[in-house]
Amino acid sequence: MIAPHVLNRALMILLICVAILWLVIPFTMAVLWSLVDPALPWTPDNLLPPVISTYRWSYMWENSLLKPALLNSYTLAPLAALLTFAISMPTAFAIGRYDFRGKETVKLIALLPLVVPSFVTAIFFTSILYQIGLAQYRFAAILFAHIVLFLPYAIRIMSVSFEQVRIDHINAARDLGAAPWAVFRAAYWPALKPGVLAALLIVFIKSVEEFAIAYIVGQPGFVTVPTLVYSSLGQDFNRPNAAVLSLILAVPNVVLMLFLERLLKSANPAMASGKG
């Protein structure tokens with residue numbers, strides 16, 4: 001029989017190896033490729049780039065569609081997060097606070113968009129736009145598609161958060177004569193706050209990273225950072241330029257995910273209320 005401390009050590013080593021293979025090596029390679037000087041390419045006979053240069057970064061900033069892509073991506077993402085969150089709230093409240101016939105079916109239906117590939121959703125929206133003559137409104141179309149695509153994430157997160165609201169806290173606030181806003185602040189908000197921020201962050205990150213809808217619905221004139229990555233790596237196969245774009249896309253999202261992890265660690269309504 002394997003001792004518990006030996007098993008724990010083996011699992012920790014395995015986790016570290018997976019993290020190195022999945023995170024450290026890809027990020028390191030992306031950083032190195034983004035610093036390759038075009039005058040001295042990185043060839044297979046060199047372990048490291050022969051010259052480290054920031055030329056690719058300045059070139060991509062000055063001579064590509066990076067500026068409009070950043071503007072489009074980081075305008076879409078916060079709008080998608082806010083609108084998705086607002087639309088998800090009634091359904092999340094009903095699922096989280098009420099017991100009714102067919103509740104599990106409603107949960108399943110709310111999560112169904114997650115199983116539909118994003119390319120299928122993109123093709124569907126493109127067809128709808130052309131049929132109703134709104135193909136020129138690409139920003140609004142992509143925003144609408146993002147809301148539909150990411151609505152299940154917000155509904156799921158917020159329904160769980162509403163389930164954590166304690167009925168005794170609500171009743172106590174009402175018995176003390178608290179106004180509706182005071183009831184929300186005292187009884188609902190401590191349990192909902194981590195879920196609200198998590199839902200907003202997850203939808204924001206998913207919107208920034210989304211490729212299929214922006215590529216299919218946005219063609220030919222609407223560009224985002226993921227579509228630029230595809231153009232550099234999928235069409236032109238310019239690995240250094242794609243590395244620059246990948247880091248611009250990934251690093252802010254990694255920072256946000258680390259922030260989200262800290263939020264989820266504090267997502268215990270008992271700690272917020274002082275009761276277990």
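Values below: all heavy atoms of this structure, side chains included; hydrogens, waters and symmetry mates excluded.
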In terms of hydrophobic clusters joined by side-chain contacts under 4.5 Å, are [X] and [Y] together?
| X | Y | result |
| --- | --- | --- |
| Leu258 | Leu247 | yes |
| Val148 | Val208 | yes |
| Val229 | Leu70 | yes |
| Phe150 | Val160 | no |
| Leu108 | Phe100 | no |

Counting C-beta onward and ignoring hydrogens, is there a side-chain heavy-atom pair between [X] and [Y] closer than 4.5 Å?
| X | Y | result |
| --- | --- | --- |
| Leu35 | Arg56 | no |
| Tyr74 | Phe204 | yes |
| Leu71 | Lys67 | no |
| Trp42 | Arg239 | no |
| Thr28 | Leu32 | yes |
| Ile248 | Trp61 | no |
| Ile205 | Tyr153 | no |

How close do [X] and [Y] get, heavy atom to heavy atom, and via which atoms?
| X | Y | result |
| --- | --- | --- |
| Asp37 | Ala39 | OD1-N, 2.8 Å |
| Thr224 | Ala214 | OG1-CB, 3.6 Å |
| Ala154 | Ala199 | CA-CB, 4.3 Å |
| Pro90 | Ala86 | CD-O, 3.6 Å |

Has the side chain of [X] got a donor or acceptor atom that lies under 3.5 Å from a matching backbone atom of [Y]?
| X | Y | answer |
| --- | --- | --- |
| Ser34 | Val31 | yes |
| Thr91 | Ser88 | no |
| Lys103 | Tyr98 | yes |
| Ser73 | Val225 | yes |
| Arg97 | Val165 | yes |

Self-check item: The single option from Asn72, Val217, Thr227 passing side chain to side chain contact (heavy atoms under 4.5 Å, CB included) against Phe222
Solution: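 It is Asn72; the other options fail the test.
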With rounding to the nearest 0.5 angstrom, report the [atom1] to [atom2] distance, [X] to [Y].
| X | Y | atom1 | atom2 | value |
| --- | --- | --- | --- | --- |
| Leu83 | Leu151 | CG | CG | 11.0 Å |
| Lys206 | Asn253 | NZ | CG | 10.5 Å |
| Thr75 | Leu143 | OG1 | CG | 10.5 Å |
| Tyr188 | Phe162 | OH | CZ | 7.5 Å |
| Lys193 | Arg185 | NZ | CZ | 13.5 Å |
| Ile202 | Thr84 | CD1 | OG1 | 12.0 Å |

Practice problem: Evaluate the side chain to side chain contact (heavy atoms under 4.5 Å, CB included) criterion for residues Met89 and Phe93: first the C-alpha distance (whole Å), next the side-chain angles of each, then the deciding distance (0.1 Å), finally the verdict. | Solution: CA-CA 6 Å; Met89 287 298 285; Phe93 179 81; 6.0 Å; no
Exercise. For the residue pair Phe211 and Tyr230, categorise the inter-ring angle as parallel (less than 30°), tilted (30 to 60°) or perpendicular (more than 60°).
Key: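 Tilted: the ring planes of Phe211 and Tyr230 meet at 30° to 60°.
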Exercise. Begin from the C-alpha positions of Ser161 and Met158 and carry the test side chain to side chain contact (heavy atoms under 4.5 Å, CB included) through to its verdict.
Key: CA-CA 5 Å; Ser161 296; Met158 292 311 303; 4.3 Å; yes
Practice problem: Using the test salt bridge (charged side-chain N to carboxylate O under 4.0 Å, His left out), find all partners of Lys107 that sit at least two apart in sequence or belong to another chain. | Solution: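 Listed in chain order: Glu104, Glu163.
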